Every structure is written in C-alpha cells, then in structure tokens.
Amino acid sequence: MIKYGILVFPGSNCDHDAFYAVTKNMGNDAVFLWHKNTDLEDSDVIILPGGFSYGDYLRTGSIARFSPIMNSVIDFARKGGIVVGICNGFQILLEAGLLPGVMLKNESLKFICKDVYLKVENKNTIFTNSISKDVLKIPIAHAEGNYFTDEKTLNELIENNQIVFKYSSPQGEISEEFNPNGSLHNIAGLINKEGNVLGMMPHPERSCEPLLGNTDGSFIFESIQKSLTTVRG
Amino acid sequence: MEEPKVTLELALEHGLTEEEYNKICERLGRTPNYTELGIFSVMWSEHCSYKNSIALIKTLPRSGKNLLVGAGEENAGLVDIGDGQAIAFKIESHNHPSAVEPYQGAATGVGGILRDIFTMGARPIAALNSLRFGTLDDARTRYLFEGVVKGIADYGNCFGVPTVGGEVYFDEVYKDNPLVNAMAIGIVDVDKVTSAIAKGEGNPVMIVGSATGRDGIHGATFASEEISEESEAKRPSVQVGDPFTEKLLLEATLEVIEKGLVVGIQDMGAAGISCSTSEMSDKGNAGMKIDLNKVPLREKDMTAYEIMLSESQERMLVVAKKGKEHEVKKIFEKWDLSCEIIGEVTNGPYIEVEHYGKEKAKIESFDLVLGGGAPVYYRESKKPGYIDEIRQFDFSSLPQPENLEETFLKVFSSPNIASKKWVYQQYDSMVQTNTVLGPGCDSAVIRIKDYNKSIAAKTDCNGRYVYLNPKEGTKIAVAEAARNIVCSGGKPLAITNCLNFGNPYKPEMYWLFKESIAGMKEACEFFDTPVTGGNVSFYNESPDRAVYPTPVIGMVGIIKDLQNVTSCYFKNEGDLIFVLGEDFEELGGSEYLKVVHNLVKGDSPKIDLETEKKLQHCLLEMIDNKLVNSAHDISEGGILASLAECCIVNEENQIGCNVKIPVKTRKDFSYFSESQSRIIISVPPESEQEVYRIAEKLNVPVQKIGITGGNLFTVNTNINLSLEKLSDIYFNTIARIMNE
C-alpha cells in the first residue's frame with residue numbers, strides 16, 4: 001500500500017481533505033507530518049496541501065518554505081521522491097526552488113472558487129499516466145494563481161514537456177477566455193525537469209467522489225499509484 | 001495618569017442613562033471608579049445586555065426535543081443530529097463596524113461567529129451570510145459591497161471554512177447602514193461540548209491568542225447608537241481581524257478540549273475581558289481575581305480601563321483545570337500562540353481586577369450580566385402611521401405592461417433576483433470536501449463524513465415584507481427558510497435569528513420589533529423549530545432613515561439520507577413540471593412592483609402556516625419516494641423568475657422549458673405574484689400519477705404546467721427567450737455593474 005505523507009503547516013487547511021481523498025477515496029495509507037519535525041516517516045509520496053500557510057503573510061509560501069520539514073522534503077525530492085504541491089503547496093514549491101517561476105495575484109485581484117477545465121498537456125508523467133481523457137474538470141480556489149516566469153524558463157518548460165495542465169474550455173480549447181487568473185500560457189500545473197515534483201493550482205483532492213460533483217482528481221492519484229507499483233514491480 | 005473623576009455627566013457620555021447610573025451606584029453602594037464605569041457602560045450597552053429586547057426575546061420558543069442547550073445558555077445553540085453528534089450554530093450582526101470600515105467590519109464579524117462555535121468544542125463546517133446594501137448605482141454602496149464581500153472571503157477562506165450560502169439584497173433604505181450578518185455552523189461530539197463557565201476555586205484563568213491592543217475600545221457602545229456623520233470618527237472602534245491566528249486558535253482549542261484540560265472557554269468579542277470574565281463567572285456562580293499586568297499587550301502604557309474594554313480580536317478566556325495549566329500552555333505554544341495565566345477562579349461573587357498592585361475594579365459578576373443586574377426594559381410601542389396608509393393601495397390602478405417579455409427581463413435583471421455569483425465565487429465554498437450543494441440553490445447542503453446524513457442550511461428574510469407587515473413578514477421569513485430546507489430534501493430542525501431594527505427608544509420602531517417577535521414566535525412554534533439563540537442589532541438608522549426591519553432567520557435542517565438531497569435545477573429533457581401550492585395574485589412588496597412601477601406598497605403576501613406545513617410534508621414525501629428530480633420554491637420575482645432559474649442555474653447543463661402558467665385576472669399579476677407556499681418540481685413522466693396521488697392525499701393543490709427540454713424559455717404566448725440570453729443576464733448583471 002502506498003503511504004502518503006501530508007505536510008501540516010500553521011494555516012494549512014486542505015490537509016484533512018487530502019488525507020481523506022488519498023485514504024477514504026483512493027484506499028491508500030497516509031500520515032500527517034508536522035512542520036516543526038524533520039522525519040518523513042517513510043512516506044512514498046509527499047503532499048504539500050492547500051491553505052494559507054502562515055496566513056500568506058509576506059508572500060504566499062515564503063515563510064513555510066523555511067520550516068524544518070522542508071529541508072527533508074527538498075532532500076527527498078532531490079533523490080527522486082514523488083512530491084505534489086496543491087495550491088498553497090504549489091506556491092511553497094516555487095518558493096523552495098523545487099519548481100521554477102513565481103505566482104502573482106489573480107488578474108481580477110479577487111479570490112476565485114469554481115470548477116475549471118484542464119487540458120492535459122503531457123500524459124507521460126508520474127502524475128498523469130492513467131488519465132483516460134484529454135480534459136479534466138477540477139476546482140480552483142485561490143487568490144494568487146497567476147503563474148509567471150521569464151522567457152528562458154518558459155521555453156525550457158515547453159521544450160522539456162514540463163507543462164502538465166493548462167486551463168481550457170470543456171472541449172480542450174486553450175485561450176484567454178478560459179484563463180481564470182491570467183496565468184502565463186494558461187499554465188495550471190507543471191513538473192520539474194526530472195519529472196518527480198508536481199505543482200498544480202487546482203484541487204484534485206476536492207474531486208475524488210461523485211457526491212461532490214466530480215471525480216477527475218482521482219486520475220492523478222491513480223497515476224501516482226500506477227507509477228509506484230510499476231517501479232516496485 | 002490621573003483617572004477622570006466619575007460623575008453623572010461622564011456616565012451620560014458613556015451612553016448610560018441617569019437611571020442606570022443611579023442603579024450602578026446603588027448596586028455598588030458607592031460611586032464607581034473610572035474603570036468600573038467603563039465596564040458597566042459596555043456590559044449594560046444594548047449590544048451586551050439586550051436590555052431593550054430580552055423581555056420580548058424570552059417569549060420565543062427556546063426549547064424542543066432536539067435542543068441540547070437552550071437559547072442564551074451558551075455561546076451558540078446546540079442541536080442533536082443523532083449518532084452522538086450535535087450541530088452548534090449561530091448568526092450575528094456586524095452592521096455598524098461594516099458601515100464605516102467594510103473590510104475589517106465584515107471580516108471580524110465572521111471571526112467572532114466562528115469563535116462562538118469552536119469555543120464550544122465544535123469544528124466549524126460551514127459559514128453563511130446575509131447582507132443588505134443600498135442600490136448599486138451609488139459609488140459608496142459599491143465600495144461597501146466590495147469591501148464587505150472581500151472581508152468575508154479573506155477571513156473565511158484563510159480560516160478554512162466553506163462559505164456555502166446566504167443572501168444579498170439591495171435597497172436604498174440600507175444605503176448608510178448596510179446589514180452584515182454572519183452565520184456559522186459547527187459539528188461536535190455531544191460528550192465533548194464545552195461550556196462558557198468558570199467554576200472551581202483556584203482554577204487558573206488564562207488568556208490565549210492575540211495580544212491586547214487599543215483596538216475596538218467601546219465597540220459595543222458604538223454598536224448601540226445610530227449611524228451619523230460622527231460615526232466615521234468611530235473607525236478606531238472597529239477591530240482588525242487576523243484569520244491566520246484564528247485558524248491556529250481553532251486547532252489549539254479543539255486540542256485542549258479533546259484532551260479534557262479545561263473547565264470552560266469563552267470567546268472575547270464585544271466588551272472583551274469585561275464580558276468574558278463576568279459572564280463565565282456568573283454562569284458558574286463564581287468570581288474571578290485577575291491581574292492586568294499579566295495580560296500580554298501589543299501597545300505601551302495601556303490603562304486598566306483600556307485593557308478591560310479592548311475588543312482586540314482572536315482572543316479567548318480559558319478556565320483550565322488546576323494542575324493542567326502547563327499542558328494547556330504547551331498545546332497553545334505548539335501552535336505558536338501566546339497563553340498566559342492572568343488570575344484564578346474564586347468563590348465569588350466579585351470580579352476583582354488588579355493593575356500595578358492596585359485594585360481597579362470590584363464588581364459582582366451578577367450585577368454586570370444579562371439575566372442579572374443588567375437593566376431590562378419594556379419600551380413604549382406605537383403602530384407607525386405609514387402602515388395603514390401604505391396598505392391602502394388599489395392594484396387594479398397599475399398600468400398593464402405592454403411587453404411582458406421586456407418586463408420580465410427587467411425584473412430578472414434586478415440585482416435582487418440575479419445570481420450572486422460575483423459574490424460567492426470569491427468564497428471558498430468547497431474546502432473540507434463536504435459541500436454537496438453549494439451557493440446558488442434553495443439551501444446549502446453539507447454532508448457529515450462517514451455517515452449517510454447531511455445538514456441543510458439557509459438564511460432568509462425579505463425586509464420589504466416585514467416593513468409592510470412585521471408580523472406576517474416575519475412568519476414568511478421563517479416559513480420560507482423552512483421551505484428552502486425542504487426543497488433540498490431536509491427536515492427543518494431549529495433557527496438562529498439576527499434581528500436588525502432601528503432605534504428601540506422610538507415607539508414606532510419598538511412596535512415593529514414587537515410585532516415581528518410575535519410573528520416569529522407563532523411560526524417557530526408551529527414548525528417546531530425553536531430559537532437556539534442569535535443576536536439583536538438595534539439603532540440601524542442614519543439621519544435620513546431607518547432600515548427596513550430585517551429579522552434574518554438562519555435555519556438548519558437534517559437530510560437523513562444522501563439520496564434525498566435535491567437541487568433546484570432541471571435535470572433531464574422531457575421531465576414534467578408541476579407547481580405545488582396556489583397563487584393569489586399578491587404583489588404587495590414584490591420585486592415587480594418595485595422594479596417596474598417603483599412602488600413599495602400594499603400588504604405583504606399572506607402566509608397560512610397550516611397550508612405551508614402541508615406543502616412541506618407533501619414535497620418531503622415525494623422526495624422520500626424518489627419521485628422528484630428538482631424542487632425550487634417560488635419567491636422574489638414570482639413564478640417566471642423561479643422557472644427561469646430552474647432552467648439555467650446549472651451552467652454545465654442548462655435545460656429549457658415550455659410552460660402554460662394559469663392566469664387568474666391579469667398576466668402581470670400571475671407572472672410576478674409572490675404568493676407564498678409554492679414550489680416548482682420537475683419529475684420523470686412515469687412519476688406523474690404518484691405526484692397527483694400524494695398531493696391529493698395531503699390536500700395540496702397541484703398543477704402540471706409544462707415540460708422540460710430544448711434551449712428556450714417559453715411561457716404561454718408571451719415569452720420566448722433563449723437560455724443563453726437569460727443566462728447572461730442572470731449571471732453577469734452584478735459583475736457588469738461592479739466592473740464598470
């Protein structure tokens with residue numbers, strides 16, 4: 001059974017949601033990992049959950065990134081461990097340098113909570129290998145999801161197929177009209193060059209059961225499961 | 001610093017009356033000192049003492065088989081939902097602060113109500129809010145609206161509670177005095193419920209959370225007077241919110257409760273340390289001795305007076321079990337929160353306050369609190385002259401609109417009818433992954449993890465109806481809230497109320513209040529939905545006018561089976577559309593009358609509680625029998641607006657309809673009537689006979705009016721609109737105004 005380690009920072013508020021999704025909805029094992037500790041407790045996958053770590057004061061993710069646990073997560077990632085940052089978790093990964101780029105305030109300057117459609121740009125990753133369709137419906141809930149980076153980095157992201165999800169129409173059309181926050185190239189999620197760290201603004205843990213209106217988030221956890229079981233043989 | 005000498009004049013400046021000042025001297029047996037005067041003035045303010053409302057509030061039904069604590073006994077009401085679980089819920093106003101500082105005013109309103117819930121040991125699982133503003137053509141109103149919504153959003157989103165529903169109305173009467181009512185719902189295991197009580201001599205009294213500053217001093221007094229030009233100067237009375245600290249307080253509080261380390265906890269809201277020390281002590285028939293030098297401060301040289309009256313946010317008073325104080329401290333420190341012992345519980349009856357080794361106050365807690373020494377008044381009441389005059393309106397004199405399609409679009413694009421998507425998209429409505437039905441339908445539905453049950457919640461009040469007829473209008477607010485719960489498949493359990501009225505010292509205002517309470521009593525008794533608590537907000541007046549009397553009802557219900565959760569929008573092409581209930585062509589106080597004819601006239605629609613109850617039973621039986629695909633109540637805007645909503649609310653799958661609406665005398669009357677006790681349902685064709693059978697059995701009028709399908713909204717021979725057009729108007733009207 002796969003064991004997820006879910007980080008808990010002061011101000012994390014999707015930690016329990018992620019826990020519920022990977023255990024109850026997906027049937028995996030999970031533990032909470034307190035930010036002041038350094039032990040990852042033999043987790044196979046680390047999730048940095050959504051929320052407002054340290055109240056988003058100063059800058060989203062900028063304080064959480066210095067938590068003791070983050071040194072362990074950075075080591076884990078450098079060694080090829082699987083790391084997923086969702087929403088605030090994505091912002092922390094950017095601050096920690098595990099993913100390139102920065103997050104700006106949404107173009108509307110407002111928090112936005114709604115279902116969005118994501119065109120899957122790369123199905124050849126640890127996180128997307130089991131996705132059976134081209135477009136996913138997953139909610140966003142953030143005030144700072146407007147991804148930005150310099151041109152050189154952007155070109156690298158494109159060359160290396162690191163852009164995994166883009167905001168799109170239900171049919172997969174990508175244009176400004178379907179960009180909820182002004183994100184560069186409609187980027188909603190990306191991986192590092194090595195392919196073991198994913199950051200995404202939408203919340204897959206909120207879309208893993210029919211009762212909540214959709215189940216497309218479960219594809220991501222299924223993909224991780226498949227990757228790990230394949231590796232382990 | 002020399003403290004001012006206490007005189008009658010100073011007491012009057014503190015908002016006390018001469019009679020009250022004399023009573024204070026009498027109870028103390030001496031003249032109060034300056035700090036004591038400050039404490040009395042906030043504790044006896046309308047906001048804390050309910051002195052002009054409590055006598056009437058006590059006439060409301062305050063107990064019932066599902067209530068675990070009665071109204072006013074704890075920070076919030078508590079309703080049994082089975083399986084050893086209970087729901088704590090309450091609504092509270094933050095009108096005055098929001099009128100001068102919309103962002104912080106609204107944010108701290110949310111913060112306060114959340115603390116009321118989690119100090120009982122309950123984890124907040126949903127937030128709702130009920131808002132009233134002036135009309136959006138006014139720039140200041142747009143500023144207030146934008147700020148209030150952002151304040152609610154930032155606080156709730158960061159805290160991590162889903163904001164799942166509520167209501168927003170716009171009317172010029174609320175221009176200077178917006179209403180901002182915040183409601184929160186929490187869940188708790190019954191054996192973990194914690195009381196706001198101080199008892200056990202020698203138990204340590206601790207202050208936890210943020211440090212105390214000079215913010216919010218006299219906030220309670222500010223909330224107890226009318227809004228005026230001087231109100232702007234009261235901006236420092238508005239507290240500043242820190243949702244991040246509140247989130248930490250939540251986790252730490254639930255942890256100390258879980259571990260059984262505390263005797264009691266109370267939130268520090270209005271009147272800060274004064275209120276929490278006296279109320280907790282009085283409840284436990286105890287006293288407290290506290291040393292203000294031990295209170296962590298964020299500003300230098302604060303006086304005893306200032307510390308006792310500060311309303312700095314994100315603080316709580318904790319009475320720990322003696323010997324457990326170190327464990328308590330460790331938990332709060334784990335969450336990076338300050339936690340200091342500031343005194344201990346005594347046998348009473350005094351609250352004794354010391355500062356720099358000097359006694360600064362010694363008052364019997366009983367003398368300060370509601371239900372104790374705080375004054376109770378019955379005010380003079382007089383029926384306002386406008387009521388009879390306004391009801392004398394001959395509706396047949398209204399000109400008939402020439403083009404009903406255009407008229408309908410005018411009503412449908414009223415910001416009161418249009419979707420509040422611009423608002424609720426700024427709220428995280430999904431965090432905690434329990435939101436089965438979020439904003440946009442009749443009521444919000446939150447599932448209870450690991451069980452098959454869920455909670456339905458709604459706030460309701462049409463202030464215009466209450467203005468025209470306070471008693472009937474308030475009954476309608478209760479009935480409509482219940483109807484909304486039922487439309488979602490739930491059984492109404494109990495209510496919390498937020499009573500927003502004008503100045504009670506004006507006999508006309510007091511009459512409106514009295515009538516409204518009488519209506520609420522009747523309706524709540526009839527539906528067996530007791531009042532678990534709430535809040536009274538008087539003085540909602542500016543020099544120009546008073547707001548409409550607005551008794552907001554926050555109701556919760558239980559849906560016993562997740563299969564019964566019902567949403568308001570059409571599901572399939574080819575379903576049959578029925579109307580349950582009967583139209584009486586009632587236009588008094590209607591949106592149509594206001595928007596099209598610019599009139600607020602007539603009487604409110606009538607409400608027959610027996611008819612309403614039968615209707616609700618009828619729908620619940622149909623839902624139980626799995627006959628119904630959608631259910632939506634007919635309310636503001638009338639049947640056309642409700643039908644159009646059924647077609648377009650689900651933006652992913654909009655389904656048109658073709659209906660024949662029966663017309664009694666005039667088309668505009670039937671189309672826009674706001675007669676109560678009506679529900680639109682859609683059912684699969686094979687359920688038709690069962691629908692008739694159940695409706696007839698329960699003696700509920702039922703009429704098949706059409707069928708779902710296509711992408712047009714077609715009504716009689718008058719209206720033929722594309723869903724695209726309706727949808728654009730409905731979802732974008734408010735955004736267009738705000739983005740201009």
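Being a predicted model, the structure only gives us computed values, none of them experimental.
- Of the atoms belonging to E146(B), it is side-chain heavy atoms, and not backbone ones, that fall under 4.5 Å from chain A.
- Stacking of K247(B) on the aromatic ring of F52(A) is not recorded, the 6.0 Å distance cut-off and the 45° axial limit not both being met.
- Within a 6.0 Å radius of CG in D42(A), other residues, nucleotides and ligands contribute 12 heavy atoms or fewer.
- For the pair Y424(B) and K114(A), the minimum side-chain heavy-atom distance is 4.5 Å or more.
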> When you look at Q432(B) and D17(A), which way does the side chain to side chain contact (heavy atoms under 4.5 Å, CB included) test go after all the steps?
Replying inline: CA-CA 6 Å; Q432(B) 298 189 13; D17(A) 301 358; 4.3 Å; yes
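- Within 6.0 Å of NZ in K105(A) there are 12 or fewer heavy atoms belonging to other residues, nucleotides or ligands.
- Y57(A) touches chain B through its side chain: at least one heavy atom from C-beta onward sits under 4.5 Å away, while N, CA, C and O do not.
- Residue contact with chain B, scored on non-hydrogen atoms closer than 4.5 Å, is absent for F9(A).
- Contact annotation for D154(B): neither backbone nor side-chain heavy atoms come within less than 4.5 Å of a heavy atom of chain A.
- Formation of a donor-acceptor pair under 3.5 Å by the D428(B) side chain with backbone atoms of A141(A) is not found in this model.
- Using a 30° and 60° split on the angle between ring planes, Y54(A) and F244(B) fall in the tilted class, from 30° to 60°.
- For the pair Q425(B) and C113(A), the minimum side-chain heavy-atom distance is 4.5 Å or more.
- Annotation: the span from S454(B) atom OG to L211(A) atom CG amounts to 8.0 Å, rounded to 0.5 Å.
- Residue-environment remark: CZ (R298(B)) exceeds the threshold of 12 foreign heavy atoms within 6.0 Å.
- A 4.5 Å side-chain heavy-atom check between T435(B) and L212(A) finds every atom pair outside the cut-off.
- With chain A as partner, the option from D242(B), D336(B), V431(B) having the largest number of non-hydrogen pairs under 4.5 angstrom is V431(B).
- Heavy atoms of E652(B) lying under 4.5 Å from chain A belong exclusively to its side chain.
- Within the 4.5 Å cutoff, the side chain of F111(A) has no heavy atoms near those of the K150(B) side chain.
- Within 6.0 Å of NZ in K449(B) there are more than 12 heavy atoms belonging to other residues, nucleotides or ligands.
- When all heavy atoms of N157(B) and N13(A) are compared, the pair lying nearest together is O-ND2, 3.1 Å.
- Taking a 6.0 Å sphere around CD of E41(A), one finds it holds more than 12 heavy atoms contributed by other residues, nucleotides or ligands.
- The minimum heavy-atom distance linking L248(B) with P10(A) is given by the pair CD2-CB, 3.5 Å.
- Residues M430(B) and D115(A) meet the side-chain proximity criterion, which asks for heavy atoms closer than 4.5 Å.
- Interface remark: K421(B) contributes no atoms to any contact with chain A (heavy atom separation under 4.5 Å).
- Only the backbone of S12(A) comes within contact range of chain B, with at least one heavy atom under 4.5 Å from a heavy atom of that chain.
- Between chain B and the options G55(A), C14(A), S108(A), S207(A), heavy-atom pairs under 4.5 Å are most frequent for G55(A).
- For a residue to count as touching a neighbouring chain, one of its non-hydrogen atoms must lie under 4.5 Å from one of that chain's; by this rule L437(B) does not touch chain A.
- Between E209(A) and R447(B), some side-chain heavy-atom pair lies under the 4.5 Å cut-off.
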